[in-house]
2 protein chains.
Amino acid sequence: MAEVTLRDVARASGCSVATVSRVLAGTRPVGAETTRTVREAAERLGYRPNQVARALRSRSTGTVGLVLPQITNPFFPALVRELEHALHAEGRAVLLADCDDDPATEAARISAFLDRQVDALLVIPVDERHSRDAVARAAARVPLVLLDRGCGPGVADAVAVDNAAGMALVLEHLAATGRRRPCFVGADGTASAAVERRTAYEAGAGAFGPTAPGRVELGDFSVEWGRTAVNRIWPSRPDAFVCANDLIAVGALQRLRQLGADVPGEVAVTGFDDIPLAGLADPALTTVRQPVAELAAEAAWLLARQPDGGGAGSRRTVRLAPELVVRASSGARGAPAK
Amino acid sequence: MAEVTLRDVARASGCSVATVSRVLAGTRPVGAETTRTVREAAERLGYRPNQVARALRSRSTGTVGLVLPQITNPFFPALVRELEHALHAEGRAVLLADCDDDPATEAARISAFLDRQVDALLVIPVDERHSRDAVARAAARVPLVLLDRGCGPGVADAVAVDNAAGMALVLEHLAATGRRRPCFVGADGTASAAVERRTAYEAGAGAFGPTAPGRVELGDFSVEWGRTAVNRIWPSRPDAFVCANDLIAVGALQRLRQLGADVPGEVAVTGFDDIPLAGLADPALTTVRQPVAELAAEAAWLLARQPDGGGAGSRRTVRLAPELVVRASSGARGAPAK
DNA sequence: TTGAAAGCGCTAACAC
DNA sequence: GTGTTAGCGCTTTCAA
């Protein structure tokens with residue numbers, strides 16, 4: 001069962017390979033009658049264009065590389081899904097790389113994708129600093145869009161949620177529901193989400209009163225760190241734990257319950273991202289929902305509109321507005337759910 | 001910055017493109033001196049083989065398509081991660097398809113991958129019945145391994161966890177810790193995991209006593225169904241909820257707590273899969289851990305050893321042994337954790 | 001051991 | 001509109 005090629009179709013329809021190519025690719029106008037004949041022959045023979053040959057000749061593989069730190073990070077699957085759909089809708093296939101949170105692996109994967117002639121790259125960088133070189137090099141060769149996390153200024157186009165706006169929504173909500181002594185459990189390091197959420201908290205928490213913006217403890221984006229942070233902070237009895245992401249918040253929630261704290265009566269807990277786990281926590285977690293579908297659509301669009309040269313046109317960063325999702329973990333005070 | 005090609009390297013090292021190709025691909029023996037010169041020139045020019053051209057000529061893209069129902073199913077990310085690593089270690093890249101749990105989309109994605117000349121396919125079928133045709137057709141063209149779920153007998157090689165053994169581990173554990181009135185919350189439909197776990201429960205639950213194997217309620221693999229099932233069954237006071245996967249179990253756990261049931265004192269709850277959520281539930285969920293890394297390794301191995309023809313050699317199904325992970329949700333009776 | 005030459009299947013100039 | 005002709009960059013005969 002040898003593959004059917006363009007030649008076979010040409011032979012069967014009595015015209016040249018060029019004509020067949022034009023009919024099937026729709027590149028140039030072709031006579032109506034010929035078109036019909038060719039279509040019919042292609043159909044009859046079950047012709048399927050060989051995308052590899054097409055790619056070699058046209059210098060476009062119709063493939064984009066999606067490079068991410070760790071697919072097991074619960075925020076990513078939904079994003080990957082939307083990206084896959086958005087790209088597939090444009091007829092592009094997705095090559096996936098999981099970098100194991102390691103910049104060296106990331107550089108290797110990016111390099112391998114370039115060798116495979118991907119048309120473009122979508123990168124969620126592992127690290128703000130250590131990913132920079134590889135990303136910048138790649139961006140010079142193909143259209144590249146940074147997603148969710150930054151990678152230093154001017155390196156590439158980027159699309160991300162507006163972390164500051166999200167944090168502002170949280171603080172506003174907490175203030176409006178009577179919280180007065182918030183604290184912040186964040187992540188240290190230079191990752192853009194970590195920095196931006198932390199900064200936004202510090203900027204906004206001043207509004208809670210003349211006193212300091214409450215305690216700020218920094219660790220990493222993990223459930224475990226959420227638990228630890230509660231151990232450190234709870235003795236000073238804040239009335240709200242503002243967490244830099246949902247994993248931290250879930251850890252905080254767990255530990256607070258173990259300690260017998262009343263959430264949300266005595267203390268509120270909020271997260272960020274709205275991963276699936278957030279809705280399943282008990283009490284369900286108030287959090288900031290990232291507009292995942294929009295992030296994906298915007299990234300796909302940016303990718304499509306970049307010139308192929310990979311030239312250093314002015315880089316643009318698109319910020320998408322998040323949405324506050326109020327759930328039980330920040331419910332009304334004084335009326336503890338029984 | 002035009003790409004460096006084999007010709008450039010040949011010119012720079014003073015020999016023919018054929019020789020350069022042989023040196024770099026290591027296909028045929030080449031003189032030591034020549035080898036050195038070529039290597040040096042390639043290095044100096046920063047030569048990177050164009051994988052598309054290589055693929056066209058050698059009829060092998062070094063690419064495998066990974067087709068799955070929904071990346072957002074929390075069991076898949078870990079599997080995808082392991083597969084990506086296993087395949088990348090062999091120098092193969094992974095094309096990802098998310099089928100939105102729709103057989104038609106699945107068929108389209110598989111078809112698109114074949115057009116792209118993937119060397120092989122790894123498929124977690126959407127549906128036992130409705131995925132069958134597309135999978136069988138694809139298996140006739142390239143090596144194909146079914147993962148995690150079956151697709152009818154004899155369709156393709158398959159690798160999956162031994163669901164029956166896993167369920168047996170659960171039942172044994174429950175019996176050993178004194179449970180006597182189990183019930184089963186499963187999923188209906190013909191998906192292999194659903195059927196196998198259900199059957200294994202029915203086969204094993206007889207050991208709990210002469211009476212019927214407790215109630216069996218079937219819905220789908222969701223948290224919501226877990227909650228609903230508890231509403232239906234709890235009034236009859238079983239002392240163990242054996243759930244067909246972790247999502248159902250988490251839902252059951254939530255609802256039981258809302259109803260004021262004491263888990264594990266009064267009733268045990270068990271899951272299946274050991275998704276990340278299982279360890280975070282409260283109480284933490286006793287479950288059956290799938291050997292994800294081994295599943296991935298085995299799948300990659302099966303793929304590699306299949307003849308290229310995609311011929312219908314005898315199909316083999318590999319079953320991997322799961323492991324019971326005992327956590328708080330099935331802890332000792334009568335000593336309710338306070 | 002090496003080189004020359006023939007393509008892999010397709011698209012894109014360039015003629016007609 | 002359509003055919004002819006070159007290749008895309010590489011691997012792989014086939015000779016030497």
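None of the values given here were measured: they were computed from a predicted structure. FYI, side chains are in, hydrogens and waters are out, and symmetry mates aren't considered; it's all heavy atoms of this structure. Proteins come first, then strands; the chains are lettered A, B, ... in the order of their sequence lines, and each starts at number 1.
For DNA chain C, the contact window with chain B, defined by any atom under 4.0 Å from a protein heavy atom, covers C/dT1 to C/dG9 in 5' to 3' order.
Panel note: side chain B/D8, backbone B/T5; a donor-acceptor pair is recorded below 3.5 Å. A donor-acceptor pair is defined here as one N or O able to donate and one able to accept, closer than 3.5 Å; such a pair exists between the side chain of A/D157 and the backbone of A/R316.
The salt bridge (charged side-chain N to carboxylate O under 4.0 Å, His left out) contacts involving residues 60-82 of chain B comprise A/D100-B/R81, where partners must be two or more places apart or lie in separate chains.
In this model, a donor atom of one side chain and an acceptor atom of the other lie less than 3.5 Å apart for A/S16 and A/T19.
Heavy atoms of other residues, nucleotides or ligands lying less than 6.0 angstrom from CZ of A/R44 number more than 12.
Residues A/I71 and B/F76 fail the side-chain proximity criterion, which asks for heavy atoms closer than 4.5 Å.
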Subject >> nucleotides 8-16 of chain D: protein proximity per nucleotide (B base, S sugar-phosphate only, - neither; heavy atom, under 4.0 Å) >> reply: BBBBBB---

**OP:** Determine, step by step, whether B/T63 and B/R92 satisfy the side-chain contact (heavy atoms from CB on, under 4.5 Å) criterion, reporting the C-alpha distance in whole Å, the side-chain angles of both residues, the deciding distance to 0.1 Å, and the verdict.
**Re:** CA-CA 5 Å; B/T63 283; B/R92 314 173 91 165; over 6 Å; no

**OP:** Determine, stepwise, if the pair B/S131 / B/E106 fulfils side chain to side chain donor-acceptor pair (under 3.5 Å).
**Re:** CA-CA 8 Å; B/S131 297; B/E106 181 179 58; 2.5 Å; yes

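Comparing the start and finish of the helix from C/dT1-D/dA16 to C/dC16-D/dG1, five pairs each, the helix axis swings through 40°, to the nearest 10 degrees.
The side-chain hydrogen bond (donor to acceptor under 3.5 Å, both in side chains) test applied to A/D127 returns A/H130, not counting sequence neighbours.
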Atom pairs and distances, donor-acceptor, side-chain atoms in residues 48-57 of chain B, under 3.5 Å, two or more places apart:
residue, atom, partner, partner atom, Å
B/R48, NH1, A/S111, OG, 3.1
B/R48, NH2, A/D115, OD2, 3.4
B/N50, OD1, B/V52, N, 2.8
B/N50, OD1, B/A53, N, 3.1
B/Q51, OE1, B/R54, NE, 3.3

